[in-house]
Every structure is written in structure tokens, then in C-alpha cells.
Engineer: 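My questions all concern the structure below.
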Protein chains: 2
Amino acid sequence: MPPAVSPAPGSPGADGPGPSAAGARARVRVELMREITDAGRAELAEVGPAALSLRAVARRLGMAPSALYRYYASRDHLLTALIVDAYNALAATAAAADATSQDPGRRWMALGRALREWSGGHPHEWALVFGSPVPGFVGSEETTAAATGLHRVPIELLVDAAGAGVLDAPGGLPVPPAVAASVAPMAALAPGLDPAVAAAALAAWAQVLGAISLERFGHFVGAVDDQDAWFDHCLRLAGGLVGLRVGGGAPAVR
Amino acid sequence: MPPAVSPAPGSPGADGPGPSAAGARARVRVELMREITDAGRAELAEVGPAALSLRAVARRLGMAPSALYRYYASRDHLLTALIVDAYNALAATAAAADATSQDPGRRWMALGRALREWSGGHPHEWALVFGSPVPGFVGSEETTAAATGLHRVPIELLVDAAGAGVLDAPGGLPVPPAVAASVAPMAALAPGLDPAVAAAALAAWAQVLGAISLERFGHFVGAVDDQDAWFDHCLRLAGGLVGLRVGGGAPAVR
DNA sequence: CCATAACTGTGAACGATGTTCTCGTCAAGG
DNA sequence: CCTTGACGAGAACATCGTTCACAGTTATGG
């Protein structure tokens, strides 16, 4: 029932790689699993998540459809593997954009722009990650692990900013104790971060991801003309929400 | 190709209802179309959007599957009809919550809470509206029309607040002309609204909808403990973003 | 009033899908 | 060496969306 990365009937990689040669067989196995997800990603880019068919992936690989079940227990397991891959790709581009500067404000803008740009280049993968969840896999262990890989990027950004003292104090809104306690699991990833900042950061994060999803899913078609310009502004507002000084060095909110 | 509400082969309601009796037949027709979407909504609540099957809807109604094609040209057309219905239901609950108070800050909080509550009671319908779009129906005419019915609620709220003079001036963030121009289509629904407020309102809206979607789609499972408390805080932050004085009458951001 | 057309529903059929099962084959391990 | 287990293929089943030809009913128009 819980999704497993290698749900093969008998798994040689359950424990250590055995004496010696078992590792060889396991290696070609993970290699083939990667080929399968690659084919799945290619198929995904063409037809989208809803129309992604196991048989089409098998055709692309020249295999029988039933052979795929040696590697993924079901279509949904393959989909979750693709979700994990997409999360990792997203985390990689986010980290790369984040590393282009030292200034927290610039890092925040680069991060947000990179996410939006990636969503434009991989709309179906974005929908797979942030769209309707695959039934039965909501909050599964592997997807949440991959998710934290992405969420870690803005968190570290804020920790750096707070450490450097360039983070404005959170605005006049008092933070009730219940709110501060609610973000405790997140604060575990960011030791020493002000709970008020953590709570606001989550809101800013929801704003950025929400803005991208709403745009990509077509909810802004009649509402916004210049999406590029507005998204930049949205990003600045979100940055200001957490006290980042953003936008050409000008002070954000205050 | 473009989605039509009544894509029946020969549609008696294409023009006026004819001499006299055509109206009677057309009435039972729209009645049956409503029964179909009702059955579809019931089916949707049980199995979710991805697994919603035309045949199951037909079974629920005691009809042959092919008979449904007299009323909806395809499964995706039925899905878009359900999307429109969900949008309307959402708009109705939003309007009802908005009408519970006169104070703009309270109206904003009630609106946001009502949306989240509705999403909890109808998770599959929320996913249908704000999740992965139905392929080929992104930004179709009927869905955007239904969407504006929902978006109109916060816009009118802001117009009222601005008219009453209880809207704080937008924060220090300057609004570039390109941004002000980008929200022109939205400003058409809110004549006289400050473009800075409009741009911020869209960001706040994205924050609220994004927060609800992220929660409902399971992206916060390991990050937030008390979702109720945090969402309320998120709502206050979003309200403060547009200058609403929110949260027990205390000033929001300043 | 009646003939003609249109609308509505049925049942069979086609192609495609996810999934399971059985069967051979072949390499790895004792 | 032989045995075991993974691997892949192929057939099979139920289900799905969709189309088609046909029959019954209703409205329309002369």
C-alpha cells in the first residue's frame, strides 16, 4: 500500500548487495528504472499527466507492458517516481538560482523567477507536482522527502539573511503563540529562525507557488496582461512579507 | 472543438425557443442535464476527478453510457460543466461569507475561512477547479466566466473598503507602470481602484488560494502542525498586504 | 390530420487502457 | 554441476471513452 521506490516482487537490493555479483545485477536494475522514468518523463511532456499511459511508456522502450510491473508496482507508482524526479529537478534549479548571488534580496528574486521559468518549460511536470494529487499518494514519504529538498532553499536563504542581520523585523502583526507553535516542524529545518519570520515565510512561499500555479493553470487569463511584470511585483511583495529588502536594494516594506 | 454547454447534435435551443412547445422539451432537457451533473458531482465526491468515469455516471442514472453523449459531447465536457458548477458553488459560499459583516477586515477573514472550509468539505471539487487543468479546456470561455464570479467577491470587498476610506495606503513598495498596466483587465471590474491595490490584491489572492491548495494537496504535511492557526495568520498577512485592517480591529501592517 | 423531421435512448461494437497470470529463458549462487 | 529466482513476453480480463445503426417518441408543417 505505501509507495515503494523498488516494489519488485523479490528485491535483491533489500539488504546489502550480497557477496559481490549481486551488486552488478542491482546496478543494471536501477539503470533500467532510470530509463523507464526517462521514457515516462518524455511521454509526460507530450501528453500530460492525465493521459500518461503505461503502455505508451512500454512502447517507447520496446518492452511488453507487463514487464514494467517488475519495476513499478502500478501506474501510480511510476507517476510518484516522476513526481519525485520533478521535485528534485525543481530543487536543483532553485538551488542554482539561489547560488547566483550573495544578497538575500537578489537570491529571493532569482529563486522565484527560476521557479516560474521552470514551470513554463515543464508545465506538465509542474502540474504533476502542484496539481491534483495522485490519489492514494498524498503526503507519501518519498514525495514529502523530495519536497523538503525544494523547501530547504528559501529556508536557508532566510537563515542566511537573518544571520547577516539584513532581515527587517516582521511587521506590526503580532504572532499568536498557536501560530508560532504550528510552524515548529518547519522551524526544525531552520534552527534559530524567528517563528514570526517562519510563519510569514510560509505565507510568502504559498503566494509564490500559488501565483505560478494560478498562472500556469489558466486562472489569470482574463485578469492580467503582462504576467512577467506582475509576477515580479508579486515576488517583491512576498519578499517584503518576510522582511527581505528586495528590488534594486530599495527597502521593501516598512 | 470549443466547449459548449449543450453540444447536442441538433440543438433546439440554438436560437429562440421556437413557437411554443419547444420550450417544454428544452426544459426537461436542461433538467436532465442538471441531473447528470448532480450524478457526476456525487461520483466525483467518491472517486475523485481522475477516476470519474462516464459509465459510472450513466449507471448511477440508469442510463446507457451512450445516452450521455446527447447532452455532453465528451467526458471532458462533463468535467468542465462540473468545474463551472464548482466555481459557482464556491462563489456562492464566498458571497455568503462576505455578507456576514460590514467591516472589510472581517469580511476578508470570513471570505478566506469560508473558502478553506469549503475546500475541506469538497476536496475533489477543489482539485477539479484549482488542480491540474483538464487538457484542452484551459481558460475556456465558460470557466473564465465562472471564475470571475468568484473573483468578483474580494474585488467588491476592496472597492467598498476603499470607498469607505478604511484601506491603508499601500506600503513603501513603488508600483512600476508596467505592473499597473498589467492589472488593467482586472481593474475593469473595479473602477476607481488604485492600481497598486489591485496588484497587491492579486498577490494576496494568490497567497490565499495557494495556501489552501498546498494544504489540500498535501504539500504541508511535514511542515505545519496547526493548519487552522497558521492559515488564519496567513489570511491576516494577505489582508495586510492590500491595506486591510484585519484581526480583531487591530491595525494590520504599518 | 397526417407525414416528415428531429430528438431521445438502447445495444453492440471498436480500440485502448491498467493489471494479472502463466510460461519460457537465462544468469547468478551454492 | 544444478537449483533458484529474476526477467521478459504474451495472452487474457475487466473497464473505459467513443461511435454507430437502429427503434421509439415527440414536435413541426403542410
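Reminder, nothing fancy here: chain letters follow the sequence lines and each chain counts from 1. The figures here come from the full heavy-atom set of this structure, side chains too, leaving out hydrogens, waters and symmetry mates. All values reported here derive from a predicted model rather than from experimental measurement.
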Engineer: Kindly assign one of parallel, tilted or perpendicular to the pair Trp205(B) and Trp108(B), based on the angle between their ring planes and the thresholds 30° and 60°.
Structural biologist: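 Tilted: the ring planes of Trp205(B) and Trp108(B) meet at 30° to 60°.
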Engineer: In this structure, how many angstroms lie between the P atom of dG8(D) and the CD atom of Glu35(A), rounded?
Structural biologist: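 These atoms are roughly 10 Å apart.
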Engineer: Which of the following nucleotides, dT19(C), dG9(C), dT18(D), is nearest to the side chain of Leu54(A)?
Structural biologist: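 So the side chain of Leu54(A) is nearest to dT19(C).
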Engineer: When the distance from OH of Tyr71(B) to C1' of dA6(C) is rounded to whole Å, what number comes out?
Structural biologist: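 Those two atoms, OH and C1', are 13 Å apart.
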Engineer: Measure from the side-chain heavy atoms of Arg70(A) and tell me the nearest of dT10(C), dT22(C), dG18(C).
Structural biologist: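 Output: dT22(C).
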Engineer: Looking at dC7(D), I'd like to know if its phosphate oxygens (OP1 or OP2) sit under 4.0 Å from a side-chain N or O belonging to Arg29(A).
Structural biologist: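 Arg29(A) to dC7(D) OP1/OP2: side-chain N or O found under 4.0 Å.
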Engineer: Nearest whole angstrom, please: distance from the C1' of dT17(C) to the CD of Glu43(A).
Structural biologist: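 Distance check: Glu43(A) CD to dT17(C) C1' gives 13 Å.
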Engineer: Rounded to the nearest angstrom, tell me the gap between atom CG in Leu61(B) and atom C1' in dT8(C).
Structural biologist: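 These atoms are roughly 15 Å apart.
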Engineer: When you check the side-chain N and O atoms of Thr80(B) and His77(B), is any donor under 3.5 Å from an acceptor?
Structural biologist: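 Judged by distance alone, the side chains do not pair up.
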Engineer: Let me confirm one number: the CG-CZ distance from Leu79(A) to Arg75(A), rounded to the nearest 0.5 Å.
Structural biologist: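 If we round to the nearest 0.5 Å, Leu79(A):CG and Arg75(A):CZ are 5.0 Å apart.
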Engineer: Would you indicate, yes or no, if dT8(C) has its OP1 or OP2 atom less than 4.0 angstrom from a side-chain nitrogen or oxygen of Tyr69(B)?
Structural biologist: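 Looking at the OP1 and OP2 atoms of dT8(C), neither is under 4.0 Å from any side-chain N or O of Tyr69(B).
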Engineer: Between dA6(D) atom C1' and Leu32(A) atom CG, what is the distance in whole Å?
Structural biologist: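 My rounded result for the distance is 13 Å.
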Engineer: Students often get this wrong, so: under 4.0 angstrom with heavy atoms, is Ala67(B) touching a base, only sugar-phosphate, or nothing?
Structural biologist: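 If one applies the 4.0 Å heavy-atom cut-off, Ala67(B) turns out to touch a base.
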Engineer: Does Ser53(A) put a side-chain nitrogen or oxygen below 4.0 Å from OP1 or OP2 of dT17(C)?
Structural biologist: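 Answer yes for this pair, as a side-chain N or O of Ser53(A) is under 4.0 Å from OP1 or OP2.
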Engineer: Quick one: Tyr72(A) OH to dG18(C) C1', roughly how many Å, whole number?
Structural biologist: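 In whole Å, dG18(C) C1' and Tyr72(A) OH are 17 Å from each other.
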Engineer: Which nucleotide, dG10(D), dT17(C), dC7(D), lies nearest any side-chain atom of Arg55(A)?
Structural biologist: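 Side chain of Arg55(A) sits closest to dT17(C).
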Engineer: Please determine whether any donor N or O and acceptor N or O are separated by less than 3.5 Å between the side chain of Ser66(B) and the base of dG11(C).
Structural biologist: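 Result: at least one qualifying N/O pair found.
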Engineer: Of the non-hydrogen atoms in Asp232(A) and Met109(A), which two are nearest, and what is the gap between them?
Structural biologist: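 Heavy atoms of Asp232(A) and Met109(A) come nearest at O-CE, 3.8 Å.
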Engineer: For a quick check of understanding: with a heavy-atom distance under 4.0 Å over all strands, which category does Arg75(B) fall into, base, sugar-phosphate or nothing?
Structural biologist: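 The answer is sugar-phosphate, as Arg75(B) gets under 4.0 Å only of primed atoms, P, OP1 or OP2.
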Engineer: Counting the atoms with a prime plus P, OP1 and OP2 as sugar-phosphate, which does Leu52(B) contact under 4.0 Å by heavy atoms, base, sugar-phosphate, or nothing?
Structural biologist: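 Sugar-phosphate: the residue Leu52(B), judged by heavy atoms under 4.0 Å, touches backbone atoms but no base.
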Engineer: Just compare dT19(C), dG9(C), dT18(D) and give me whichever is closest to any side-chain atom of Pro65(B).
Structural biologist: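 Selected nucleotide: dT18(D).
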Engineer: Base, sugar-phosphate, or nothing: which does Leu68(A) touch, judged by heavy atoms less than 4.0 Å apart?
Structural biologist: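 Counting heavy atoms under 4.0 Å across all strands, no contact is made by Leu68(A).
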Engineer: In whole Å, I'd like the distance from the CE atom of Met63(A) to the P atom of dC7(D).
Structural biologist: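 Spelled out: CE on Met63(A) to P on dC7(D) is 10 Å.
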Engineer: Can you tell me how the ring of Trp118(A) sits relative to the ring of Trp126(A), calling it parallel under 30°, perpendicular over 60° and tilted otherwise?
Structural biologist: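 It falls in the tilted class, 30° to 60°.
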Engineer: Counting any heavy atom closer than 4.0 Å, what does Leu78(A) reach on the DNA or RNA strands: base, sugar-phosphate only, or nothing?
Structural biologist: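 Nothing: the residue Leu78(A), judged by heavy atoms under 4.0 Å, touches no strand.
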